[in-house]
Amino acid sequence: MSATVITTEDLHEFKLELLDEIKELINNQSGRMKKKWLKSPEVRKFLGISPGTLQNLRINGTLPYTRIGGVLYYDYQEIMQVLEKNRINKKR
């Protein structure tokens, strides 16, 4: 086996490449969550609920939605407001 010498310049280059990749990943992730309108499957996945539960939230008026044709859309900010409004703070 031959030994490989790593210099401080090599480490510096590696650090810069790694930081660039991390920045790219963060930018890609943040773009997903800033989506204004979500379709039903996205909402179910986001909240971890079944189609029936989502339907109940629509029927009882808990979760506002918009229907265009046969597609239901939910405003991301309104979903977050419903979550905040229904937050329960338990004291120990």
Side-chain angles (χ1 to χ4, degrees):
M1 272 191 185
S2 64
T4 304
V5 176
I6 299 176
T7 65
T8 54
E9 186 176 323
D10 293 334
L11 290 174
H12 183 69
E13 279 184 42
F14 174 72
K15 178 180 83 169
L16 293 176
E17 289 175 16
L18 186 59
L19 285 172
D20 286 341
E21 289 181 28
I22 291 171
K23 286 177 188 176
E24 185 177 332
L25 286 172
I26 289 172
N27 288 337
N28 289 340
Q29 288 295 326
S30 64
R32 289 184 197 155
M33 294 311 288
K34 291 186 179 182
K35 194 172 177 182
K36 168 92 171 136
W37 295 99
L38 303 174
K39 293 181 182 177
S40 293
E42 296 169 312
V43 175
R44 290 195 318 263
K45 184 176 180 183
F46 177 62
L47 296 176
I49 58 175
S50 69
T53 300
L54 183 56
Q55 182 178 7
N56 286 336
L57 292 173
R58 281 194 313 268
I59 290 170
N60 67 25
T62 301
L63 197 57
Y65 65 96
T66 300
R67 181 189 306 264
I68 299 176
V71 181
L72 301 176
Y73 295 93
Y74 305 83
D75 185 320
Y76 176 78
Q77 288 300 322
E78 288 180 342
I79 295 169
M80 297 308 294
Q81 289 171 358
V82 168
L83 290 173
E84 287 296 325
K85 185 176 107 181
N86 290 292
R87 182 182 207 155
I88 298 171
N89 292 323
K90 292 186 178 182
K91 295 183 180 180
R92 291 184 180 202

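Along the sequence shown, residues carry numbers from 1.
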Give every residue pair that meets the side chain to side chain donor-acceptor pair (under 3.5 Å) criterion with at least one member in residues 53-65, sequence neighbours excluded.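 Pairs touching residues 53-65 that pass the test: Ser50-Thr53, Arg58-Tyr74, Asn60-Thr62.
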
Would you give the length of the straight line joining atom CG of Leu47 to atom CD1 of Ile79, rounded to the nearest 0.5 angstrom?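 So the gap between those two atoms works out to 6.0 Å.
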
Taking all non-hydrogen atoms of both residues into account, name the closest pair between Pro64 and Val82 and its distance.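 Scanning both residues, the minimum pair turns out to be CD-CG2, 4.4 Å.
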
Do [X] and [Y] land in one hydrophobic cluster if side-chain heavy atoms of ILVMFWY residues count as linked below 4.5 Å?
{"X": "Met80", "Y": "Leu63", "value": "yes"}
{"X": "Phe14", "Y": "Ile22", "value": "yes"}
{"X": "Leu57", "Y": "Tyr73", "value": "no"}
{"X": "Ile49", "Y": "Leu83", "value": "yes"}

State, with a plain yes or no, whether a side-chain heavy atom of [X] is found less than 4.5 Å away from one of [Y].
{"X": "Val43", "Y": "Leu72", "answer": "no"}
{"X": "His12", "Y": "Lys15", "answer": "yes"}
{"X": "Asp75", "Y": "Trp37", "answer": "yes"}
{"X": "Glu21", "Y": "Glu24", "answer": "no"}

Partner residues of Pro41 under the side chain to side chain contact (heavy atoms under 4.5 Å, CB included) criterion, sequence neighbours left out: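 Pro41: side chain to side chain contact (heavy atoms under 4.5 Å, CB included) contacts with Lys39, Arg44.
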
All side chain to side chain donor-acceptor pair (under 3.5 Å) counterparts of Glu13, not counting sequence neighbours: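 Side chain to side chain donor-acceptor pair (under 3.5 Å) list for Glu13, sorted by chain: empty.
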
Assess whether a salt bridge exists between Glu42 and Lys45, defined as any Lys/Arg side-chain N lying under 4.0 Å from an Asp/Glu carboxylate O.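 Result for this pair is no, no salt bridge flagged.
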
